[in-house]
Amino acid sequence: MKIQDVLEKKVTEGIHTLYSVTLPNVEFQPTRKDFEGDITVVVFPMLRHVKGTPVQIGEQVGAYLEKELDIVIGFNVVKGFLNIIISDAFYIDLFRDIRENKTFGIVPQSDDAILVEYSSPNTNKPLHLGHIRNNLLGYSVAEILKASGKKVYKTQIINDRGIHICKSMLAWQRFGNGETPKSTGLKGDKLVGNYYVAFDKAYKVEVAAMIDVGTDKKVAEKEAPILLEAQQMLLKWEAGDEAVVALWKKMNGWVYEGFETTYKNLGVDFDSYLYESDTYLLGKDVVADGIKNGVFHKKEDGSVWIDLTAEGLDEKIVLRSDGTAVYMTQDIGTAIQRVKDHEDINGMVYTVGNEQDYHFKVLFLILKKLGFTWADKLYHLSYGMVDLPSGKMKSREGTVVDADDLMEDMTKTARAISEELGKLENYSDIEKQSLYKMIGLGALKYYILKVDPKKRILFNPEESVDFQGNTGPFIQYTYARIQSILRKAKDTKIEWQNELKITGLHPKEKELIKQLQVFPDTIQLAAENYSPAVIANYTYDLVREFNSLYQQVSILGETDEEKKVLRVQLSQKVGEVIQSAFGLLGVAVPERM
RNA sequence: GGUGGCAUAGCUCAGCUGGAUAGAGCACCUGCCUUCUAAGCAGGCGGUCCUAGGUUCGAAUCCUAGUGCCAUCACCA
């Protein structure tokens with residue numbers, strides 16, 4: 001039983017005994033560091049029910065608790081705060097339980113299943129820093145939900161069709177000279193991305209030339225020959241033209257290969273994929289049904305709309321007048337398809353940037369109006385943009401931070417720092433390389449995930465991501481130090497797996513146990529809020545607490561055998577929790593660094 | 001213009017359902033490596049919590065209005 005539950009019961013009982021009043025609830029908070037005590041009862045809210053001054057009530061309740069409970073060994077009252085001192089024995093018992101629990105904080109998987117969508121890129125250009133945030137968030141939230149007891153399916157929908165990929169295809173046909181990833185040594189997504197840029201360049205030249213000979217700018221932008229040709233290509237694709245489809249398949253294939261490499265390096269994975277080329281027609285049937293049911297209405301020109309003005313939104317198009325699908329149509333179809341594919345799911349999470357807040361608001365509302373009861377279980381995991389000091393990233397202007405390059409840079413930075421510190425003498429080059437990557441990626445992932453998802457991130461490529469303080473490497477470093485202790489403990493044959501016989505705690509040890517104790521609640525909180533930042537901040541606090549102990553007392557040098565055993569056990573458990581928490585963030589931890 | 005989000009130390013961020021003197025990191029300054037890894041620890045400096053009202057015993061937190069930044073409101077994605 002949790003200490004809070006025990007105390008709540010006793011406080012309520014005490015108030016009832018002392019004042020014959022039944023409290024609806026009792027408010028607790030951790031005792032501030034500047035006061036003596038472990039947990040604090042806030043007396044102010046009781047004043048509504050009990051007559052008296054906060055200090056009086058606090059004193060009486062404190063005395064009652066001390067008399068009634070063995071674990072309460074003292075108290076003090078400051079203004080309206082009753083600070084309770086809990087016995088070391090309680091925390092030692094608590095730690096015994098925590099230590100024995102090999103999956104501490106992790107709730108066993110239930111049948112409550114949920115689908116998490118993330119990444120979902122277009123296939124005309126490589127992944128960039130914005131995608132990295134999306135991928136890290138989606139992956140981490142999926143892992144957190146899993147740890148909170150849910151069954152999780154990770155998925156993505158790939159936007160593989162449309163005018164954008166046709167542009168790359170056309171440019172490749174024209175300027176490509178048959179280049180392939182193999183012939184150029186380029187990653188497939190990079191190669192295709194280059195042609196997307198090449199298209200834009202050629203397009204701009206054409207537009208400028210037309211304007212020079214007197215064409216109106218707007219007309220030129222709409223009628224540049226290369227653009228018209230790309231649109232022709234899209235029509236051919238939709239008509240199933242063999243040559244176009246073959247080219248489309250070939251170039252998309254290159255892109256997928258490139259993406260896979262990036263995902264692998266980033267350490268994210270998926271249980272399933274959907275392609276828009278497979279699903280873009282699905283929504284149309286639903287729209288047709290919706291017209292019959294009166295959810296949608298057709299205008300004279302043939303376009304189909306939904307009126308959401310009653311809900312405070314506006315009219316939204318769901319089908320163009322030429323009968324082709326818009327994004328909304330596809331998303332309706334995709335959602336329905338997913339529910340069909342996963343009969344056990346009880347909710348879906350869409351990891352998509354906050355620029356699409358409105359889109360998802362409308363999508364969920366439409367699905368609800370269509371009568372799908374599961375529409376209430378959809379959640380848009382909306383996150384802020386990653387901006388550069390110069391503003392928004394724009395792929396056509398070459399201001400994007402490329403995902404692969406960034407990971408490579410982080411690895412290089414990790415190498416430079418490691419070499420300077422020179423702690424890896426007997427590591428092989430391969431071991432070193434994998435460690436540099438682990439640290440570099442750790443820095444990057446933590447840097448992005450520690451920020452509340454809904455806040456935008458300002459990323460300055462000039463100032464490299466930190467490796468000190470509240471950072472991934474700092475936490476990895478602590479983990480490595482712990483492993484070093486455990487290796488030595490093993491070597492020196494300390495009987496540290498034995499049952500604890502200790503009766504008293506160092507204040508730092510107590511603080512550490514308190515911090516360990518809240519790990520399970522932290523996972524639940526992170527899951528409820530879809531926020532890896534909650535996990536990141538928790539881990540940082542835990543690690544700070546451990547380092548403080550580490551510097552203040554000797555662990556293996558402790559002469560009292562029982563104290564030594566406790567400290568080694570504490571170290572081990574802290575290490576396990578770091579590994580577990582970082583696992584939820586998708587960050588690996590090293591044996592040494 | 002309508003709607004939504006954000007605003008906390010020079011910079012980057014915490015601050016749980018309202019609770020004590022608003023916390024970390026970076027940067028700057030001062031100590032600490034013959035003893036478990038100094039990517040560390042201990043301490044110092046640094047705040048009109050955007051502004052003005054309101055609710056409350058109590059507001060960074062909740063409500064209202066305003067300011068600033070961002071997004072969105074297209075037969076775009």
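What you see is a predicted model, and the numbers here were worked out from it, not measured in a lab. Labels below follow one simple rule: chain letters A, B, ... track the order of the sequence lines, proteins then strands, and each chain is numbered from 1.
Applying the side chain to side chain donor-acceptor pair (under 3.5 Å) criterion to A:Asp322, with sequence neighbours excluded, gives A:Thr324. Residues meeting the side chain to side chain donor-acceptor pair (under 3.5 Å) test with A:Tyr19, sequence neighbours left out: A:Gln60. Here A:Asp387 pairs with A:Arg456 under the salt bridge (charged side-chain N to carboxylate O under 4.0 Å, His left out) rule; sequence neighbours left out. A:Glu8 pairs by the salt bridge (charged side-chain N to carboxylate O under 4.0 Å, His left out) definition with nothing, not counting sequence neighbours.
Within 6.0 Å of NZ on A:Lys432 lie more than 12 heavy atoms contributed by other residues, nucleotides or ligands. Other residues, nucleotides and ligands place no more than 12 heavy atoms under 6.0 Å from the CD atom of A:Glu36. By the 6.0 Å contact criterion, NZ on A:Lys299 is enclosed, its count of non-hydrogen atoms from other residues, nucleotides or ligands being greater than 12.
Using a 4.0 Å cut-off, no side-chain N or O of A:Arg481 falls inside it from OP1 or OP2 of B:A39. Taking 4.0 angstrom as the limit, A:Arg320 places a side-chain polar atom (N or O) nearer than this to OP1 or OP2 of B:A77.
For the pair A:Met593 and A:Phe28, nearest-nucleotide mapping onto RNA chain B gives the more 5' position to A:Phe28. In terms of position along RNA chain B, the nucleotide closest to A:Phe474 lies nearer the 5' end than the nucleotide closest to the other residue of the pair A:Leu319 and A:Phe474.
When distances run from any side-chain atom of A:Asp452 to the nucleotides B:A14, B:U12, B:A39, the shortest one goes to B:A14. Checked against B:A71, B:C26, B:A39, the side chain of A:Glu355 finds its nearest nucleotide in B:A71.
Sorted by first and then second residue, the salt bridge (charged side-chain N to carboxylate O under 4.0 Å, His left out) pairs involving residues 40-56 of chain A (not counting sequence neighbours) form an empty list. Screening residues 537-575 of chain A for ring pair (Phe, Tyr, Trp, His ring centres under 6.0 Å) gives A:Phe474-A:Tyr540, A:Phe519-A:Tyr538 as the qualifying pairs, with residues at least two apart or on separate chains. Among residues at least two apart or in separate chains, salt bridge (charged side-chain N to carboxylate O under 4.0 Å, His left out) pairs with a member in residues 478-488 of chain A are A:Arg487-A:Glu591. Evaluation of the ring pair (Phe, Tyr, Trp, His ring centres under 6.0 Å) test over residues 23-53 of chain A, restricted to residues two or more places apart or in two chains, returns A:Phe44-A:Phe81.
Using a 90° window around 0 for the glycosidic torsion, B:C45 falls outside it and is classed as anti.
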I need a per-nucleotide contact map over nucleotides 18-23 of chain B, read 5' to 3'. Cutoff is protein heavy atoms under 4.0 Å; write B for the base, S for backbone only, - otherwise. -BBS-S
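Residues of residues 548-562 of chain A that place a heavy atom closer than 4.0 Å to RNA chain B, in numerical order, are A:Ser548, A:Tyr550, A:Gln551, A:Val553, A:Ser554, A:Ile555, A:Leu556.
In this pair, A:Phe459 and A:Tyr447 present their aromatic rings perpendicular. The plane angle is above 60°, beyond the 30 to 60° band.
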Given the rule in the side chain to side chain donor-acceptor pair (under 3.5 Å) test, do A:Asn124 and A:Ser168 qualify, once you have shown the distances and angles that lead to the verdict? CA-CA 6 Å; A:Asn124 61 321; A:Ser168 291; 5.3 Å; no
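Rounded to the nearest Å, the gap between the P atom of B:C11 and that of B:U48 is 12 Å.
Counting distance only, with no hydrogens placed and no angle test, the side-chain atoms of A:Ser418 and the base atoms of B:A39 include a donor-acceptor pair under 3.5 Å.
Scanning RNA chain B for stems, defined as runs of 3 or more consecutive Watson-Crick or G-U wobble pairs whose donor-acceptor distances all fall under 3.5 Å, gives the following ranges: B:1-7 with B:67-73, B:10-13 with B:23-26, B:28-32 with B:40-44, B:50-54 with B:62-66.
Contacts of A:Met385 with the nucleic acid, taken as non-hydrogen atoms under 4.0 Å apart, are absent. The residue A:Leu47 sits apart from the nucleic acid: no heavy atom pair falls under 4.0 Å. Using a 4.0 Å heavy-atom cutoff across all strands shown, A:Asp387 reaches no nucleic acid atom at all.
Distance A:His359 NE2 to B:C76 C1': 12 Å, rounded to the nearest Å.
The ring of A:Tyr118 has its center no closer than 6.0 angstrom to the ring center of A:Tyr383.
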Please list each protein N or O that sits under 3.5 Å from an N or O in nucleotides 1-8 of chain B, with the distance.
from	atom 1	to	atom 2	distance (Å)
B:A7	OP1	A:Lys455	NZ	3.1

